[in-house]
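Throughout, protein chains are lettered first and strands after them, A, B, ... in sequence-line order, and every chain is numbered starting at 1.
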2 protein chains.
Amino acid sequence: MESEELRNVGLKVTTPRLKILGLLENAKSKHMTAETIYRQLSESGEVIGLATVYRALAQFEAAGLITRHQFEGGQTVFELERGPHHDHIVCVRCGRVEEFYDKVIEDRQREIAEKLGFTLSDHALTLYGECSGGTCTAKNG
Amino acid sequence: MESEELRNVGLKVTTPRLKILGLLENAKSKHMTAETIYRQLSESGEVIGLATVYRALAQFEAAGLITRHQFEGGQTVFELERGPHHDHIVCVRCGRVEEFYDKVIEDRQREIAEKLGFTLSDHALTLYGECSGGTCTAKNG
DNA sequence: TCTCACTTGAGATTCATTCTCACCAACCAG
DNA sequence: CTGGTTGGTGAGAATGAATCTCAAGTGAGA
Ligand SMILES: [Zn+2]
Ligand SMILES: [Zn+2]
Ligand SMILES: [Zn+2]
Ligand SMILES: [Zn+2]
């Protein structure tokens, strides 16, 4: 239950928080902007403030419930932190986002950081390209 | 000569553009924000508009003279596109930026994109961590 | 139910970046 | 050299994502 998740991380269980978490669970797209979340909730009849969405997302992130990604050009997107770590590849034409995990790269990153005298705490890897004809739904150009 | 570079990419040779390119050449830090460039030029007596800096940087980027990086939290930084491609590792305490190149990772990225049906056109890889005691100049915490 | 610290919604605010527009400066033909 | 044309520039206004403010609302323990 989502209420559990909130309690576990020390956040009071409130309607807006539940709605936001719920939407992240069930939305068609795994990666959503604050604006999108706000709009979708508003359209489905909720009375919610945009500030509340941003606030909740920041809290969820701090609590490790979600992760934040900044793909080039676009606004910040959030996704539920479920399952194993992964990185992203984004189609620069249609915006489609695919996920991948590559052990070789992950390991290598740690080695590189170590070699340079850093203690690795995080990383951001995003590939950009064009997805192949059939899949690409670019709105013409 | 910087005038050449500008002409080669089809940009008219003007004083502001030369000053900005020159600053990127000689600045202490390889990675600079638009604001920093603006401030440094202003302080050294130039009369230049912030809009001009942003405009020029956008044009330089489009022309491939510089690259743009968006490290998490901070504002966008630009650096001269000289020498081979590299990625970055940033200290989350003191902000120091080191560069690295890793063939294994670069190759792997291409394979991953291919496997997923993408034609890779670009990528952004940034590692975050803490640099070791001696080198870290964190302003206390 | 009562209470109160924590939350929320609406709107104001911030701040990086972009836009507007009257003025100005490269560049070239004359 | 010029003068004209074209594109570039500076100042300030505008934009837009994200944050802050604050009066009003609401969970959850007593
Ligand atoms: Zn990864
Ligand atoms: Zn993802
Ligand atoms: Zn790379
Ligand atoms: Zn660099």
What about A:R7: does its side chain form a donor-acceptor pair under 3.5 Å with the base of D:dG27? no
Tell me which of B:A58 and A:T14 sits closer to the 5' end of DNA chain C, going by the nucleotide each one is nearest to. A:T14
Using the side-chain contact (heavy atoms from CB on, under 4.5 Å) rule, take A:V9 and A:L65 through it: C-alpha gap first, then chi angles, then the decisive distance, then the call. CA-CA 9 Å; A:V9 299; A:L65 295 181; 4.1 Å; yes
Specify the angle, to 10°, made by the local axes at the two ends of the helix from C:dT1-D:dA30 to C:dG30-D:dC1 when five pairs are taken at each end. 20°
[Y] and [X], any side-chain heavy atoms less than 4.5 Å apart:
X      : Y     : answer
A:Q70  : A:Q75 : no
B:Y128 : B:I89 : no
A:I37  : A:L41 : yes
A:V77  : A:K30 : no

Given atom [atom1] of [X] and atom [atom2] of [N], what is their separation to the nearest angstrom?
X     : N      : atom1 : atom2 : value
A:E72 : D:dA17 : CD    : P     : 18 Å
B:Y38 : D:dT9  : OH    : P     : 15 Å
B:Q70 : D:dA17 : CD    : P     : 14 Å
A:I37 : D:dA18 : CD1   : P     : 11 Å
B:Q75 : D:dA18 : CD    : P     : 15 Å
A:R68 : D:dT19 : CZ    : C1'   : 12 Å
A:L18 : D:dT26 : CG    : P     : 15 Å
A:F78 : D:dA18 : CZ    : P     : 7 Å

With a non-hydrogen cut-off below 4.0 angstrom, is [X] in contact with a base, only sugar-phosphate, or nothing?
X     : value
B:T15 : sugar-phosphate
B:L50 : base
B:T52 : base
B:R17 : sugar-phosphate

Does B:H69 have any ring pair (Phe, Tyr, Trp, His ring centres under 6.0 Å) partners at least two apart in sequence or in another chain, and if so, which? B:F71, B:H88
Before giving the answer on side-chain contact (heavy atoms from CB on, under 4.5 Å), spell out for B:L11 and B:Q59 the whole-Å C-alpha distance, their side-chain angles and the decisive distance to 0.1 Å. CA-CA 8 Å; B:L11 290 174; B:Q59 293 161 333; 4.1 Å; yes
Is any side-chain N or O of A:Y54 closer than 4.0 Å to OP1 or OP2 of D:dT19? no
Would you mind checking if B:E46 and B:R17 are paired as a salt bridge, meaning a charged N to carboxylate O distance below 4.0 Å? no
Contact span of DNA chain C against chain B, any nucleotide atom under 4.0 Å from a heavy atom, 5' to 3', runs C:dA16 to C:dC27
Ignoring hydrogens and angles, tell me if any N or O in the side chain of A:T33 forms a donor-acceptor pair with the backbone of A:T36 under 3.5 Å. yes
Closest nucleotide among D:dA28, D:dT6, D:dA18 to the A:T76 side chain: D:dA18
Residue from B:E61, B:E79, B:H31 passing side-chain contact (heavy atoms from CB on, under 4.5 Å) with B:T67: B:E79
